[in-house]
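Heavy atoms only: backbone and side chains are in, while hydrogens, waters and symmetry mates are out. So you know, we letter chains A, B, ... as the sequences are listed, proteins then strands, and number each from 1.
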Amino acid sequence: MRSSIAETSEPLPVSAAVLQRSLLDWYDRHGRDLPWRKPPDVLDPYRVWVSEIALQQTQVKTVLPYYQRWFDRFPTIADLAQADLQAVLKAWEGLGYYSRARNLRRAAQLVMERHGGQFPRTLAEAIALPGIGRTTAGGILSSAFNLPLPILDGNVKRVLARLIALPVAPAKALDRLWAASEAVVSLDRPRDLNQALMDLGATVCTARKPACLVCPWMAYCQAYQTNQQQQIPVSEPKAPIPHKVIGVAVIRNPQGQILIDRRPAEGLLGGLWEFPGGKVEPNESIADCIRREIQEELGIEIAVGEELIVVDHAYTHFKVSLHVHLCEHLQGEPQAIECDEVRWVTLAEIDQFPFPKANTTIIEALKQRFPDA
DNA sequence: TAAACGTGGTC
DNA sequence: TGACCAAGTTT
């Protein structure tokens, strides 16, 4: 019994066989040559898994320099499972979305416990691991084991939204997009088909100025055929993001050491180190803010000195201006009140700790200011 | 369901 | 400079 147009309409504008043949032929000639895509890497589920996690919301070019380095440090799932969280975060430093690194390590431990150190081969078992959703699971299993499972990452959403001329934002039509992805997955070459979909999105069916004239799906693309490729996919309105002004302290002691703290394990930049500080309240000076925050967070008194640098940084859902001042420790033993740990370190030691990007900018400024330290 | 969660590149 | 975008998952 068919109940609605939406449920009964075909998921694809032409047969899957036609789409598969044209796309795979294009992929054989124009697909990208990526390390996790060819043997021996593609035959190692661990390598494919790490690449899929690193590539979440992250472009290939950004991931490339991290990829081999990761396996130098954590050659096997067992090595990752046993590694210190701090070492894992240091290897991930700069990639962002640090819950990915925490989840990767935790999932490695679960693979050891549940699957004897072998990455599981079923969708349900893969999705049960932290940090692996349906897209990543499909990506890993199709790539590593050539299983016919659909994916729906940003590239595929855009490609399929254009192919079917989706009239609403992809987030509002995930069921239809998953159905289209499932319909187009090749039974012969699922690995190549999925990789081809992503390559098409990354290199031809791009967000801005898609190269429709060289697209293997030009003749079938409902967006192109109706000249809507610039308007599709429909974008969602985005909420304005707040801008916070933060006072930050570089606190030095008479030995020339600097005080850093480790952020709580979960949440924003969880487990990473930083220079202490906090949000400037209305009608509060930067210096007053820094003194107050350091008293509240670390329980010590400091003297706030000259400004070292102002760092503007944009996160996904807010922006900050870090007003960083050089400070002197006056009295009190630093306590980890609103963080997980505090340490005095020298500039020579500081590179051993994982820091978020905005703080590495501060470290660079410090090294310039104190080149002999 | 919507917000939280990083960073680098482009226009 | 600011807005937008890029191989999403979690809560």
Chemist: In whole Å, measure the gap between the P atoms of dG8(B) and dT9(C) for me.
Modeler: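 One P to the other, the span is 22 Å.
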Chemist: Assign the ring pair H329(A) / W344(A) to parallel, tilted or perpendicular, where the plane angle (0 to 90°) is split at 30° and 60°.
Modeler: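 Plane angle between 30° and 60°, so tilted.
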Chemist: Under 4.0 Å from a heavy atom of chain A: give me the 5'-most and 3'-most nucleotides of DNA chain C that qualify.
Modeler: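 The footprint of chain A covers dG2(C) to dT10(C).
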Chemist: dA6(C) and dT1(B): how far apart are their P atoms, nearest whole angstrom?
Modeler: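 Going atom to atom, P in each nucleotide, I get 23 Å.
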Chemist: For S22(A) and D25(A), which I'm curious about, is there any donor-acceptor pair between the side chains at under 3.5 Å?
Modeler: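 Per modelled atom types, S22(A) and D25(A) side chains form no pair under 3.5 Å.
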Chemist: Is the positively charged end of R134(A) above the ring of W178(A), judged by distance under 6.0 angstrom from the centroid and angle within 45° of the axis?
Modeler: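 Pair R134(A)/W178(A) counts as cation-pi.
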Chemist: Name the nucleic acid region contacted by V63(A), choosing base, sugar-phosphate or nothing; use a 4.0 angstrom heavy-atom cut-off, strictly under.
Modeler: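 It contacts nothing in the nucleic acid.
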Chemist: Decide yes or no on side-chain hydrogen bond (donor to acceptor under 3.5 Å, both in side chains) for T58(A) and R100(A), but give the supporting numbers first.
Modeler: CA-CA 12 Å; T58(A) 308; R100(A) 294 184 295 175; 3.1 Å; yes
Chemist: May I ask you to say what G139(A) touches in the nucleic acid, namely base, sugar-phosphate or nothing, with a heavy-atom cut-off under 4.0 Å?
Modeler: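 It contacts nothing in the nucleic acid.
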Chemist: I'd like the P distance from dC5(B) over to dA7(C), given in whole Å.
Modeler: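 Straight-line distance between the two P atoms is 23 Å.
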Chemist: Along nucleotides 1-11 of chain B, 5' to 3', which nucleotides get a B, which get an S, and which get a -, given that the test is a protein heavy-atom distance under 4.0 Å?
Modeler: ---SBBBSB--
Chemist: Under 3.5 Å, side chain of D261(A) to main-chain N/O of E338(A), donor-acceptor pair present?
Modeler: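 Checked: no pair found.
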Chemist: If you find the nucleotide of DNA chain C closest to G154(A) and the one closest to K319(A), which residue's nucleotide is nearer the 5' end?
Modeler: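 Result of the comparison: K319(A).
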Chemist: Look at the rings of H30(A) and W26(A) and say which category their plane angle falls in: under 30° parallel, 30 to 60° tilted, over 60° perpendicular.
Modeler: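 The rings of H30(A) and W26(A) sit tilted, inter-plane angle from 30° to 60°.
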Chemist: What is the ring orientation for W49(A) with F119(A), classed by angle as parallel under 30°, tilted 30 to 60°, or perpendicular over 60°?
Modeler: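 Answer is tilted, since the angle falls between 30° and 60°.
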Chemist: If I take atom CG from residue N155(A) and atom CD from residue Q195(A), how far apart are they, to the nearest 0.5 angstrom?
Modeler: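 Between atom CG of N155(A) and atom CD of Q195(A) there are 10.5 Å.
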